[in-house]
Every structure is written in structure tokens, then in C-alpha cells.
Amino acid sequence: MTFERGLTSLFAAVLALSGATVSVQADEIPERRAIAVENVDFYGGDLEPRFDTTFEACQQLCLGDTECTAFTFNTKSSACFPKTEIDEVRPFVGAVSARIVEIDEDALSLIKSRAADLDFLPSGYLSEAHALASTIGVEFPPADREFAQLVSSARRTDPAQAVAQFSAALNVEDSPDVWVDLSRTYSKRKGSDYRERRDFRQNAVAASINGFLRSETPSQQATALNQMAVALEKRGNGRPMIEALRLSMKLSRRDETERALDRAISKYGFRVLKHTVDSNAANPRICVSFSEDLNSTVEYGPYVRLDRRDLPVEVEGGQLCIDGVEHGNRYKFTVREGLPAASSERLNRSLDLDVYVRDRNPSVRFTGRSYVLPKSASASIPIVTVNLGEVALRVHRVGVRNLRTVAQRNLLNDALDGYEEREIEQELGVPVWEGVGEVEQRLNQDVTTSLPIGDAITRFEPG
């Protein structure tokens with residue numbers, strides 16, 4: 001119907017404000033809400049009527065007046081008739097009438113205290129739940145259908161129809177279990193485009209919040225929180241998902257909740273990402289990388305249990321590094337449960353690691369940039385080697401014509417990669433000498449050797 005489609009647009013516009021704090025009300029759930037029915041006139045008990053107005057304004061007028069228990073809005077004349085009571089219900093084409101439903105004080109007090117447990121939710125999410133509860137009575141009127149019939153039908157049908165039937169059932173009985181059913185249904189809906197998918201995910205979270213706030217027992221609350229975790233993950237809120245599951249575990253310990261919590265932490269929580277070993281350094285170290293930065297003011301030594309002597313532990317951003325390890329040794333250690341991040345989040349469980357620090361890779365490098373050598377028998381080139389007994393040497397001469405190209409490409413200032421080496425060998429230079437140099441080999445230590453090349457350069461030309 002035209003009026004219903006108009007309300008649907010209004011409903012979607014209110015719920016589209018997912019990224020910011022929605023200014024609906026400060027209350028966690030609406031203390032008074034309207035449940036509408038079309039083509040019906042509530043007769044009698046009139047308060048002062050309003051003309052040339054809108055349905056939304058008529059609804060807000062009645063909700064804001066404690067004497068108003070219902071209203072009728074004439075869509076043809078744009079007239080609003082707030083009422084203190086309903087004497088008679090009459091059919092009237094073009095009229096939309098609504099009853100006002102109130103929450104009793106005891107239930108409202110319980111809900112307010114329960115809302116404090118949801119402080120882990122992003123800003124605005126409670127307001128979105130409030131908006132959903134406020135508009136659902138107008139969006140999905142029950143049309144005199146029974147609660148059990150609506151719920152039973154919703155659980156047998158496809159998600160699109162189930163949303164309407166669960167929502168209509170909530171306007172007959174404000175059931176926490178049905179709010180959770182509605183959240184599950186929204187979570188299953190695919191959506192035809194990005195905006196629709198976004199709205200479905202948002203409504204899934206909002207419905208689960210409403211289910212939790214209305215739940216009467218710890219078991220009910222835990223069920224609502226588990227569904228809230230599912231909806232939060234689909235909406236991209238991994239960290240709040242963890243907090244929802246933790247709260248669920250406090251209320252009602254369940255194996256499936258514990259498994260879900262472990263999976264959530266391993267995917268979104270403070271956790272160990274990987275470990276690395278800097279074996280090629282003269283002073284090797286083992287580093288454990290975390291998903292968040294650590295606190296540089298915390299003493300982390302007690303959180304690392306080694307199988308041998310104590311070793312120094314240092315923190316660098318999101319890394320915890322163990323110094324003093326030696327090449328060729330194996331280290332078994334435990335990163336212990338409770339290790340804190342800078343955010344005060346703590347490691348959920350201990351992690352045992354078995355790490356081998358291998359010997360350094362064989363390598364050779366020059367100590368400097370000695371490109372101009374004296375043309376004498378005493379000429380030498382100093383090199384530093386690791387785990388090598390000999391090195392192969394090749395000397396290429398770059399003629400005067402190509403020196404400018406070499407300088408422009410910065411080939412004189414940096415170590416050459418394989419491509420640059422081949423370029424000098426094949427295009428820019430010519431080979432003038434090749435040989436092998438013997439060096440002392442000391443396991444895993446830097447060895448500096450001055451290689452005498454006086455005989456090799458006696459016939460060198462300028463270049």
C-alpha cells in the first residue's frame with residue numbers, strides 16, 4: 001500500500017545512520033511505542049485534533065503525551081485525532097490508527113541496568129536498537145493475527161517473509177526469543193546491493209540487542225549474546241564480537257560459546273601472529289609478533305618462560321624479542337597466558353614455541369667504496385666474509401665512455417643486484433681479471449680479509 005511504502009522509506013532512513021551516533025533517544029528501548037493498523041478508525045475519547053499534519057508528527061504528538069493512549073490519522077485530510085481511550089473500532093478506508101504500548105517500570109529498570117553490560121558496543125548501536133523497536137509497530141502491523149501463528153509461520157518460510165512475520169509477532173508480544181529469531185533472519189538475508197546488505201546487517205545487530213535487553217534469564221541473555229556475536233561479525237565488528245561472547249560465557253557456560261570465543265580471538269583478538277628468528281645477525285634474536293602493540297612500561301620477562309637460563313626480553317611496538325640466543329642452538333619457551341597489550345587486552349591462552357637458531361648464511365661484502373685503487377703491487381681490497389673459506393672474484397673495466405651512465409644510474413654507491421651485475425658484465429664493462437681468494441673461516445663470525453690484487457691490476461687502463 002502507498003502508506004506502508006512511505007513508512008518503509010522512513011524506517012530505512014532512520015536505520016541507515018549506522019556509522020554515527022543516532023540521536024533517537026537516550027533510553028535503551030522506547031518506553032512508549034505505537035502499533036498501527038490500516039483502514040481502521042478508533043472512535044471516541046478524542047483529545048484536541050490537529051489538522052494539516054503528517055502521520056509522523058501525529059505519532060510523536062501522542063507518544064509525548066502521557067494522556068494519549070491511541071490515535072487515528074486520516075491520510076486523505078491529513079488530520080490527527082489523539083485519544084485518551086478507545087470506545088469503538090470501526091472500518092474506515094484511508095485511516096491509520098495506532099495503540100500506544102507502554103513498558104512497566106520494573107521491566108524498564110531491569111533493561112536500563114542490563115544496557116550497561118553492553119558498553120563494548122560501538123557508539124550509536126543502542127540507539128539503532130531503539131529506532132528499530134520504535135518503528136517496528138508501524139512498519140509491520142499484526143492485522144489481528146495470533147502470536148503463535150505468526151511465529152510458527154515465520155519459522156517455516158523464507159527469510160524475506162519471515163522478517164515481516166517475526167516483526168508482526170513482536171507487535172503482539174514483545175518476546176526476547178522472537179527478537180533473537182528476527183536477528184537470525186536478518187543475518188541470513190543476502191540483499192541485492194550494498195545498501196540493502198548494510199541495512200540487513202545493521203538490523204540483525206539491533207534486533208539481537210533488543211533480544212538481550214528484554215531477556216529475563218541468564219540462559220536467554222546468553223543466547224541473545226551469541227546471536228549478537230554472529231551479527232557483529234557480519235557487520236565487521238570483530239572486537240565487540242569477542243566481548244559479546246565473553247559476557248555470554250559469564251552468564252551461561254556452553255561448549256559452543258567457548259569454541260566461538262576461541263575462534264573469534266584467534267581471528268580478531270589480541271594474539272600471537274608469528275615468530276621470526278634473525279639468524280643472519282652476528283647477535284641473533286628471536287622475536288614474537290602480536291596483533292597489537294605492547295606496553296613499553298611493562299616488565300614482560302615473567303610472561304616468557306624459557307627452558308634454560310634467563311635471557312633478556314625487549315619490547316619494540318608489537319614485537320617481543322629475546323636477545324642473547326646463540327647460533328646452532330634450540331630454544332623452547334612459552335609465551336604465557338595473561339600477557340598484556342598496550343590496550344590492556346590480555347593473551348587468552350599460553351603458546352609454546354620450539355625455535356632453532358640456525359647458522360648464518362654464507363655471505364661476502366665490501367667494507368667500503370674503494371673504487372680507485374693505486375696501480376702498485378701493494379694494492380688490496382678489504383672484504384668481510386661469513387662462513388666462507390674462499391671467494392670468487394671478477395673484475396670488469398668500465399671505459400670512460402660509460403662512466404657517465406654508471407654514475408647516473410647510481411651504480412657506484414649501492415651494492416649491485418643480479419640485474420645490475422649482468423648489465424655491467426654484458427653492456428657497460430669488459431672482463432679484465434678473474435680469480436679465487438682464500439679467506440679464514442670462523443663459524444658464524446665476521447672475518448675481515450684484505451685481498452691482494454697488485455698483480456691483477458698492473459696492466460689496467462684508465463676507467
N/O donor to acceptor pairs below 3.5 angstrom from side-chain atoms of residues 189-196, sequence neighbours left out:
{"from": "S192", "atom 1": "OG", "to": "E196", "atom 2": "OE1", "distance (Å)": "2.9"}
{"from": "D193", "atom 1": "OD1", "to": "R195", "atom 2": "N", "distance (Å)": "3.3"}
{"from": "D193", "atom 1": "OD1", "to": "E196", "atom 2": "N", "distance (Å)": "2.8"}
{"from": "E196", "atom 1": "OE1", "to": "S192", "atom 2": "N", "distance (Å)": "2.7"}

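- In this structure a side-chain-to-backbone donor-acceptor pair under 3.5 Å is missing from N444 to D359.
- Between E337 and R349 no salt bridge is recorded (no basic side-chain N to carboxylate O distance below 4.0 Å).
- Using a 4.5 Å heavy-atom cutoff, the side chains of M241 and K267 are not in contact.
- Around atom CG of D119, more than 12 heavy atoms belonging to other residues, nucleotides or ligands sit under 6.0 Å away.
- Other residues, nucleotides and ligands contribute more than 12 heavy atoms inside 6.0 Å of the CD atom of Q445.
- The list of salt bridge (Lys or Arg N to Asp or Glu O under 4.0 Å) pairs with a residue in residues 66-81, not counting sequence neighbours, is empty.
- Checking side-chain atoms of D446 against main-chain N and O of V384 turns up no donor-acceptor pair under 3.5 Å.
- Taking both residues in full, the closest heavy atoms of L388 and P362 are given as CD2-CB, 3.7 Å, listed atom of the first, atom of the second, then distance.
- Using cut-offs of 30° and 60° on the angle between ring planes, the pair F73 and F55 is perpendicular.
- Shown here are the ring-ring contact (aromatic ring centres under 6.0 Å, His included) partners of Y300, two or more places apart in sequence or in another chain: there are none.
- Annotation: cation-pi pair R246/F120 absent, no NZ/CZ under 6.0 Å from the ring centroid and within 45° of its normal.
- The closest side-chain heavy-atom distance from T334 to V304 is not below 4.5 Å.
- Under 4.0 Å is where a charged nitrogen must lie from a carboxylate oxygen, and between K332 and D352 no such pair does.
- Under the 4.5 Å side-chain criterion, counting only non-hydrogen atoms from C-beta, V180 is not in contact with Q220.
- In this structure, T75 contributes its side chain and G94 its backbone to a donor-acceptor pair below 3.5 Å.
- No side-chain heavy atom of V298 sits under 4.5 Å from any side-chain heavy atom of L339.
- Partners of R253 under the salt bridge (charged side-chain N to carboxylate O under 4.0 Å, His left out) rule, at least two apart in sequence or in another chain, do not exist in this structure.
- With T223 contributing its side chain and S219 its backbone, the two residues share a donor-acceptor pair below 3.5 Å.
- Contact check for L247 versus F212: side-chain heavy atoms found under the 4.5 Å cut-off.
- Atom CG of D65 and atom CZ of F71 lie 12.5 Å apart (nearest 0.5 Å).
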Start with the C-alpha gap between D181 and R184, add the side-chain angles, then the distance that decides, and say whether salt bridge (Lys or Arg N to Asp or Glu O under 4.0 Å) holds. CA-CA 5 Å; D181 283 333; R184 291 194 187 103; 3.1 Å; yes
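- Smallest separation of non-hydrogen atoms from E233 and R263: OE1-NH2, 2.7 Å.
- Applying the disulfide (SG to SG under 2.5 Å) test to residues at least two apart or on different chains, the pairs with a partner in residues 298-344 are C287-C321.
- The heavy-atom pair separating A36 from V96 by the smallest distance is CB-CG1, 4.2 Å.
- Residues S167 and L182 have side chains in contact (heavy-atom distance under 4.5 Å, counting atoms from C-beta outward).
- Side chain of S291 to main chain of G269: a donor-acceptor pair is present (N/O by atom type, distance under 3.5 Å, no hydrogens or angles).
- Side-chain contact between R50 and C58 is absent, with no heavy-atom pair separated by less than 4.5 Å.
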Under the side-chain hydrogen bond (donor to acceptor under 3.5 Å, both in side chains) criterion, do S187 and Q227 qualify, and how do the steps go? CA-CA 9 Å; S187 293; Q227 171 53 30; 3.1 Å; yes
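- Applying the ring pair (Phe, Tyr, Trp, His ring centres under 6.0 Å) test to residues at least two apart or on different chains, none of the pairs has a partner in residues 145-183.
- Surrounding CD of E216 are at most 12 heavy atoms belonging to other residues, nucleotides or ligands under 6.0 Å away.
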